[in-house]
2 protein chains.
Amino acid sequence: MSDTQEPSLDEQIAAYQREFRDLDPQVEKVVSALGRLNRRMNVAYGRQVAELGISNAEWEVLKHLVLSGAPYRLGPGELAKRLGLTPAAMTHRIDRMATDGLVTRDRDENNRVRVIVELTDEGRTKWLEAMRMATAFEEDLLQDLSSEERGALGEMLIRLLRRVEHAQPDAGGRLKDLD
Amino acid sequence: MSDTQEPSLDEQIAAYQREFRDLDPQVEKVVSALGRLNRRMNVAYGRQVAELGISNAEWEVLKHLVLSGAPYRLGPGELAKRLGLTPAAMTHRIDRMATDGLVTRDRDENNRVRVIVELTDEGRTKWLEAMRMATAFEEDLLQDLSSEERGALGEMLIRLLRRVEHAQPDAGGRLKDLD
DNA sequence: CCTGAAGACTTCAATACTAAAGTTCGATGC
DNA sequence: GCATCGAACTTTAGTATTGAAGTCTTCAGG
């Protein structure tokens, strides 16, 4: 008995409205759906890459190295910035990935303060396999949307993205107007 | 100064296409925008609730307690399930929140195996303040979209959500709070 | 009753992250 | 050419989370 289960999106929004009068249901619907969708997608990605013996965290690193283009090298600091981690966390993550053979870590001979993290062949292969699984999943995910809908969706998301990105500098309050 | 900076979305997709031939740019655009948007939003939420002296993690707990409706009570196990945490993590989180006065933790007198976590007035106030900040932020975020667009966006996101939920017939998915 | 089993949480050991202090190398000023 | 500053990374200490083992309560059977 008493098996309370997670409320559906609509139930959730209705509950919020009971507790918080001036809530715009339309806005809340978009935001809540975004959040839930992302959580579920991350779970799905995590399960998939786990089959390759890597974690989502490691896959993120592989992605950024590949994105940097051949010869697939980046410094720990740059990686940390892109992944939103502290440099300390990056150090440890690279440690693990290096012992797992996904990347190498070497001092830059031209500037011995710097470190170069480079993708190994094994790392690149893992990335490719992960990418194949991910794209299959993503195709599946979007299969109900027509090409026009996909375009419209992508375009709207990018507009939202622009809003948040331009808002970052100000640590405090509301988003500033863009031009 | 080799100041490599994070690639724009379009640059990122172009880079992926160079490395992975059969990539549907339209699909990738939607998926990448979703991921980035969510990350940025979580950072923004985190900064906001930090002003109230709480973390995103704690705010999540407050949200689920409020969602359960008066008298705002849930068991640790149920909370853990909804938040995608292990029961162990939930125990510790509740510890901290209880010492901070956001919730109380008591044994259920009718069934002394069970524990009841209940929102305090202070917890409810924090939730309300966080909610006010969050909804203001969300309004700003969506300000470029017309009501029709918001409706269409929400509707498409929900279709995607149904797909993920259907595709993942609850194989016990655990997920971290943020990122 | 008494025992065994299952459920709900907690404890313990190990992992991953953050913040802050520490290290090392390179550049700048005198 | 020496000292100092700053940049880039690592180390350390402390916190959050996980998985596994442990505790306590309830319930079902004999």
Side-chain angles (χ1 to χ4, degrees), chain A residues 1-5 39 42-43 46-47 50 53-61 73-100 102-118, chain B residues 1-5 39 42-43 46-47 49-50 53-61 73-100 102-118 171-179:
Chain A
M1 57 168 274
S2 79
D3 201 3
T4 338
Q5 62 176 238
R39 290 171 68 101
N42 282 333
V43 172
R47 288 210 193 111
I54 63 176
S55 67
N56 256 340
E58 289 163 329
W59 188 36
E60 290 298 318
V61 177
R73 289 178 187 160
L74 284 175
E78 182 61 27
L79 276 169
K81 203 164 48 177
R82 296 192 188 190
L83 292 166
L85 296 177
T86 60
M90 209 58 239
T91 294
H92 296 312
R93 207 182 262 194
I94 292 167
D95 281 348
R96 284 172 254 138
M97 295 182 69
T99 56
D100 288 353
L102 299 171
V103 300
T104 57
R105 188 220 312 256
D106 292 297
R107 294 228 157 247
D108 183 340
E109 285 306 328
N110 299 16
N111 180 341
R112 299 188 47 72
V113 179
R114 287 173 180 273
V115 168
I116 297 177
V117 178
E118 180 172 336
Chain B
M1 297 186 70
S2 57
D3 197 6
T4 340
Q5 61 177 278
R39 283 176 69 101
N42 282 332
V43 170
R47 280 212 268 258
V49 298
I54 63 176
S55 67
N56 255 339
E58 288 164 329
W59 188 36
E60 289 300 317
V61 177
R73 289 179 187 158
L74 285 174
E78 182 60 27
L79 275 170
K81 203 164 48 180
R82 296 192 188 190
L83 291 167
L85 295 178
T86 60
M90 207 60 239
T91 293
H92 297 312
R93 204 127 125 182
I94 292 167
D95 282 347
R96 297 188 295 269
M97 294 181 70
T99 54
D100 288 353
L102 299 171
V103 301
T104 57
R105 186 219 313 256
D106 293 296
R107 293 219 98 90
D108 183 341
E109 284 307 327
N110 299 13
N111 181 340
R112 299 190 44 72
V113 180
R114 287 171 179 274
V115 167
I116 297 177
V117 178
E118 182 172 335
R174 287 266 127 92
L175 172 79
K176 298 189 162 196
D177 267 11
L178 306 184
D179 98 87

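For B:E58 and D:dA16, the CD to C1' distance is 11 Å, given to the nearest whole Å. Per the geometry, CD1 belonging to A:I94 stands 14 Å off C1' belonging to C:dC17, to the nearest Å. Going from atom CG of A:D95 over to atom P of C:dT15 covers 13 Å, rounded to whole Å. One atom, NZ of B:K81, and another, P of C:dG7, lie 13 Å apart when rounded to the nearest Å. Between B:M97 atom CE and D:dT15 atom P there is a gap of 18 Å when expressed in whole angstrom units. Rounded to whole Å, atom P of C:dC17 lies 9 Å from atom CE of A:M90. Atoms CD1 (A:I116) and C1' (D:dC9) sit 13 Å apart, rounded to a whole Å. Distance CG (B:L83) to P (D:dA16): 15 Å, rounded to an integer number of Å.
Looking at heavy-atom distances under 4.0 Å, B:P76 makes contact with sugar-phosphate atoms alone, never a base.
Side-chain N/O atoms of B:R96 include one lying less than 4.0 angstrom from OP1 or OP2 on D:dT17. An OP1 or OP2 oxygen of D:dA7 is reached within less than 4.0 angstrom by no side-chain nitrogen or oxygen of A:R114.
Taking the side chain to side chain donor-acceptor pair (under 3.5 Å) definition, one finds that A:R96 meets it with nothing, sequence neighbours left out. Partners of B:A89 under the side chain to side chain contact (heavy atoms under 4.5 Å, CB included) rule, at least two apart in sequence or in another chain, are B:L85, B:T86. By the salt bridge (Lys or Arg N to Asp or Glu O under 4.0 Å) test, A:D106 pairs with no residue at all, sequence neighbours left out. Remark: A:N111 engages no residue in a side chain to side chain donor-acceptor pair (under 3.5 Å) (not counting sequence neighbours). Residues that satisfy the side chain to side chain donor-acceptor pair (under 3.5 Å) test with A:R107, not counting sequence neighbours, are absent from this structure.
When each of C:dT18, C:dT10, D:dT17 is scored by its nearest atom to the side-chain atoms of B:A57, the top-ranked nucleotide is D:dT17. For A:V115, counting side-chain heavy atoms from C-beta on, the closest listed nucleotide (D:dT17, D:dC9, C:dT18) is D:dC9. Of the candidate nucleotides D:dT17, C:dT10, C:dT18, D:dT17 has the atom nearest to the side chain of B:R93. Across C:dT11, C:dA19, D:dT17, the shortest atom-to-atom separation from the side chain of B:L85 is found for D:dT17.
A:E60 contributes no side-chain N or O that, together with a main-chain N or O of A:A57, makes up a donor-acceptor pair within less than 3.5 Å. Although no hydrogens or angles enter the test, the distance criterion places a donor-acceptor pair under 3.5 Å between the side chain of A:R39 and the main chain of B:L83.
DNA chain C is contacted by B:R105, B:V113 of residues 104-113 of chain B, taking any non-hydrogen atom closer than 4.0 Å.
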